[in-house]
Amino acid sequence: MMPTDVVGKAEEVSDLPKPSYLIGVGYDGERGRAFLKLYEPESQRIYLYYDRTGHMPYCLSNLTVEEIKQNPRVSGYRGIVALEPVERYDPLHDRTVRMTKIVVSNPLAVGGRGGIRELIPTWESNIKYHLNYLYDTGLIPGMPYKVVDGEIQPAGWELPEEELEEIKRVLPGDDEEIREYAVEWARRLSLPVPRLRRVALDIEVFSPAETRIPDPRKAEYPVIAASIRSSDGRKAVFVLSKEGPGEELPGVDVVCCETEVELLRRVFEVLWDYPVVVTFNGDDFDLRYLLERAKRIEVPREQIPIRLGENMAGLKYGVHIDLYKFFMNRSIQVYAFSDRYREHTLQEVASSILGEGKVEIEKPVSKLSIHDLAEYCFRDADLTYRLTEFDDDLVMKLLMVLSRIAIMPIEDVNRYGVSKWILSLLRYEHRRRGMLIPNPEDILRMKGETVTRAVIKGKKYRGAIVQQPVPGAHFNVVVLDFASLYPSIIRNWNLSYETVRCPHEECMDNKVPGTPHWVCKKRRGLMSLVIGSLRDLRIMWYKPLSKDKRLPEESRRWYSVVQGALKVILNASYGVFGSDIFPLYCPPLAESTTAIGRYAMTETVKRAVGLGINVIYGDTDSVFLENPSKEQIEELLDWAERELRIKLDVDKVYRYAVFSERKKNYFGVYPDGTVDIKGLTGKKRHVPPFLKKAFFELVEILRTVRREEDLEGAKEKIRDLVSSYYQKLREKKIPLKDLAFYVMLSQAPEKYATRPQHVKAALQLKATGVELGAGDIIGFVKVRGERGVKPVQLASVDEVDVEKYIEHMRSMFEQVLDALGIDFDSLVGKPRGTTLEMFF
DNA sequence: GCGGACTGCTTACCT
DNA sequence: ACAGGTAAGCAGTCCGCG
């Protein structure tokens, strides 16, 4: 994965007195050793440190040393360097086991083709070597180190004594082990990260066919422009041209290169210089293309700064961050950026996040003037850079914090999903406790499958409860929710793959409600410890600090990054155990978690009703109470803490909230008049803009309602609203683009088993030569006639199917109106058996 | 041969 | 390639109906 031929600026050190941050880890095949990339913030450069512990790749076997020596399959295996008897704690069986550590000469001898892994049963043979190295040495990526006399050691990790005391004070005291462990984490997470000197890069390649993207594996066509934008103020575009640049680009150096070799040389100089290089899709395009192109036009190998890995493009000197992979990571998308961007292009992501409109180009890049090409190319490098810079370097900070939590270098954090981050963290914790990391089939065999039945066909086990809402407008609604419900359950019920259905007879009476499963009473589960500690830290420490106005802005922002990173991890921490591709997959663990969640919900509703409170709705970890008294709330919160041992909080209060009979569908108005809309069609992204607009006008009317009596007046306004949109529709006054549904293709249009409308439209559009694939958004209009739909680009106003749109409007409005006891048809004065036209 | 009931597919959402 | 639960719209199929 990482370079073996490190040359250029990367200086190897055996002394590095200044604190330097561990940002990269690799394996040097030639020297057979692991190395670290240490970023020193003052000089803003990377130093290399080579392992001096003599650490070697290995895996474990349950055979004895003798048995391995006598085993014909491995006895003659050349890669084996040593066989060492070792002891491990086997969590599945709760006992110590003797195993053999098979030490080998290089990582491929374990996991390569014909490696040990394929010859005999092994444990811990699926872990990438550079991660293995981190786990064994205890080095934490993202943290500062110094090198003294060839030895690497932590530098500047100390937290002020008062801060440590304060943390210990606020963390729950019910479990000393969890608290100690949380404090240890705080030492890592509270320490801020330095700014990373970095450069963003973007290239343009000549292409004879306008719609085709050049293939980086072939690199047939010349690189015609490359732009850079750096954290230290460099803004430049290198353009392939024999003429001058012509008109200037303000603030940007436009450098004309007579030959492509010269252009590449200039780009490579930059790539050799910066410790961090940022791209948008550089793994699959920019860096890959540059490398292949350089080889093709015979740039000497040692001058090329790029090195390809399995699924990434790396650098010999610095580290490469591919923002495409970062922003397309579902967890990042949803939890860190609240689903603010949808599409996959740099333009789209940047315009949503940076809040800027995008600039279209009319011509293919191959036909642009030098000036326009430079401008176009630079804009992408600039946007890429600014995505790392906005909100005070949020993206870089997130990468660094996640790197610390996941015990993974930032290049891996960047490219893997949340399940790999969690897996890495858990493997690390096994290692440092001398615990054997179980193989997936052993967990499954011992723990078995699920026993509950899911509501949804095809799912493996039962999930959360969604309470049937009480329809109507409810005034003074208090919403209570359990803070981090599933992580809290995992913590307090001691859930872990080894503790659920543990091997002890005496634990079998400690049942999980609603299941035949039981939980260990003798040992603290590892998942429970790790997830529980992180939960405590987030809820009791980082989240409150991130909102504490007494702290300086700078600190608050850092705590906010930390709590956000913890949120991403915690949100996925239960789900991974219910995912059959997760190497610690444990169905009864996942199932027990949701079962206890249902128990908590049901008991809470029961208790609320017992206190005389009207419960109007609830979903998974929340209950909606109609006009409860302060005392009732107090009592309920105390009860939850006491009886369920889960923290129940007041999450929000609505002046009033409106529910229909539909679940996951409501809106609430806060005391300050702002509105909270959940699940209603009008806010869904694919809905035509004109319907959305109508919907938000409806919301605007309802926003002003303060008392029951106000609803009458609102009705009048709603009537006007509906009729005005109805007229506009009939009179074809609504532009096509506002009539279009915008739906995302989850795959290439031809691949669908059925032919839904958006796919129909996509196929029509594709026939006109537009390239469409997974992740693209297709805009289509509903039209009269056979096909029913047309891509917005190909439709005309007079073929629009007005009736269909009226039905959509009705359906959308009804979600709110039938909750208020208003009939859509009566609103527009439509008697039974007539059409809307007759009325207007 | 037609229409309603039903199932399944798909997207977008909630927790 | 974290999980399950829900709404909505449409495509496609089944079944009853002289």
Side-chain angles (χ1 to χ4, degrees), chain A residues 328-332 334-335 338-339 342 416-423 426 450 452-469 479 481-487 490 531 568-587 589-595 597-598 601 617-624 651 660-666 676-687 741-747 749 751-762 777-778 780 782 788-789 804 807-808 810-812 814-815:
Chain A
M328 288 315 128
N329 180 314
R330 273 305 282 169
S331 301
I332 295 295
V334 175
Y335 296 116
S338 354
D339 237 347
R342 276 272 119 153
Y416 292 128
V418 65
S419 67
K420 286 276 189 1
W421 303 341
I422 293 173
L423 178 64
L426 294 176
T450 51
T452 55
R453 208 186 83 257
V455 172
I456 305 170
K457 212 186 242 181
K459 299 287 186 187
K460 295 186 288 274
Y461 57 94
R462 176 150 299 202
I465 288 176
V466 188
Q467 224 56 41
Q468 193 63 52
V479 183
D481 80 339
F482 291 109
S484 282
L485 178 64
Y486 291 162
I490 290 171
I531 295 164
V568 171
I569 299 279
L570 288 169
N571 271 330
S573 64
Y574 127 79
V576 292
F577 295 106
S579 164
D580 54 18
I581 52 152
F582 187 67
L584 297 171
Y585 174 49
C586 183
L589 168 53
E591 178 177 53
S592 298
T593 311
T594 58
R598 291 193 298 277
M601 159 75 92
Y617 180 61
D619 184 350
T620 312
D621 59 357
S622 64
V623 282
F624 291 57
D651 180 34
S660 66
E661 76 289 351
R662 299 164 187 82
K663 297 170 174 182
K664 298 185 188 280
N665 245 268
Y666 63 88
D676 197 17
I677 300 166
K678 298 292 181 188
L680 301 178
T681 299
K683 95 170 220 189
K684 296 201 175 184
R685 247 175 272 246
H686 68 283
V687 162
F741 290 82
Y742 294 93
V743 176
M744 185 182 283
L745 291 166
S746 63
Q747 48 189 328
K751 289 194 183 161
Y752 282 80
T754 56
R755 192 140 300 191
Q757 295 194 322
H758 70 293
V759 176
K760 258 185 212 163
I777 288 178
I778 172 93
F780 67 90
K782 304 211 174 186
V789 292
K804 276 264 164 42
E807 277 314 304
H808 276 288
R810 173 210 302 280
S811 156
M812 179 184 77
E814 269 178 352
Q815 290 179 339

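Bear in mind that the values here come from a model prediction, so they are computed numbers and not experimental data. All values below were derived from every heavy atom in this structure, side-chain atoms included, with hydrogens, water molecules and symmetry-related copies excluded. Chain letters run A, B, ... following the sequence lines, proteins first and then strands; every chain starts at 1.
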When you check the phosphate oxygens OP1 and OP2 of [N], does a side-chain N or O of [X] lie under 4.0 Å from one of them?
| X | N | answer |
| --- | --- | --- |
| Ser579(A) | dA3(C) | yes |
| Lys760(A) | dA11(C) | yes |
| Gln468(A) | dT6(C) | no |

* Asked: Does the cation-pi check pass for Lys782(A) over Phe741(A), that is, NZ or CZ under 6.0 Å from the six-membered ring centre and within 45° of its axis?
  -> yes
What integer distance in Å separates [X]:[atom1] from [N]:[atom2]?
| X | N | atom1 | atom2 | answer |
| --- | --- | --- | --- | --- |
| Leu423(A) | dC2(C) | CG | C1' | 12 Å |
| Asp580(A) | dA3(C) | CG | P | 8 Å |
| Phe577(A) | dG4(C) | CZ | P | 15 Å |
| Arg598(A) | dA3(C) | CZ | P | 17 Å |
| Leu589(A) | dG4(C) | CG | C1' | 15 Å |
| Ile422(A) | dC2(C) | CD1 | P | 9 Å |
| Leu584(A) | dC2(C) | CG | P | 14 Å |
| Met812(A) | dA8(C) | CE | P | 13 Å |

How would you label the contact of [X] with the nucleic acid (heavy atoms, under 4.0 Å): base, sugar-phosphate, or nothing?
| X | value |
| --- | --- |
| Gly575(A) | base |
| Ala590(A) | nothing |
| Tyr486(A) | nothing |
| Arg330(A) | nothing |

Quiz question: by atom type and distance under 3.5 Å, do the side chains of [X] and [Y] form a donor-acceptor pair?
| X | Y | value |
| --- | --- | --- |
| Ser622(A) | Tyr617(A) | no |
| Lys663(A) | Gln467(A) | no |
| Ser660(A) | Gln815(A) | no |

* Under 4.0 Å protein heavy-atom contacts per nucleotide of nucleotides 8-15 of chain B, with B for base, S for backbone only and - for none -> SSSSBSBS
* Asked: Is the shortest distance from a Lys or Arg side-chain nitrogen in Lys678(A) or Asp619(A) to a carboxylate oxygen in the other one below 4.0 Å?
  -> no
* To do: May I ask you to decide whether Glu807(A) forms a salt bridge with Lys804(A), counting only side-chain N to carboxylate O separations under 4.0 Å?
  => no
* To do: May I ask you to check whether over 12 heavy atoms, not counting those of Lys683(A), lie within 6.0 Å of atom NZ?
  => yes
* Asked: Mapping Val576(A) and Arg462(A) onto DNA chain C by nearest heavy atom, which one lands closer to the 5' end?
  -> Val576(A)
* To do: Please figure out whether Ile581(A) or Gly458(A) has its closest DNA chain C nucleotide nearer the 5' end.
  => Ile581(A)
* Asked: Taking the side chain of Val418(A) as its heavy atoms from C-beta onward, which of dA7(C), dC2(C), dC10(C) lies nearest to it?
  -> dC2(C)
* Asked: Are the aromatic ring centres of Phe780(A) and His686(A) under 6.0 angstrom apart?
  -> no
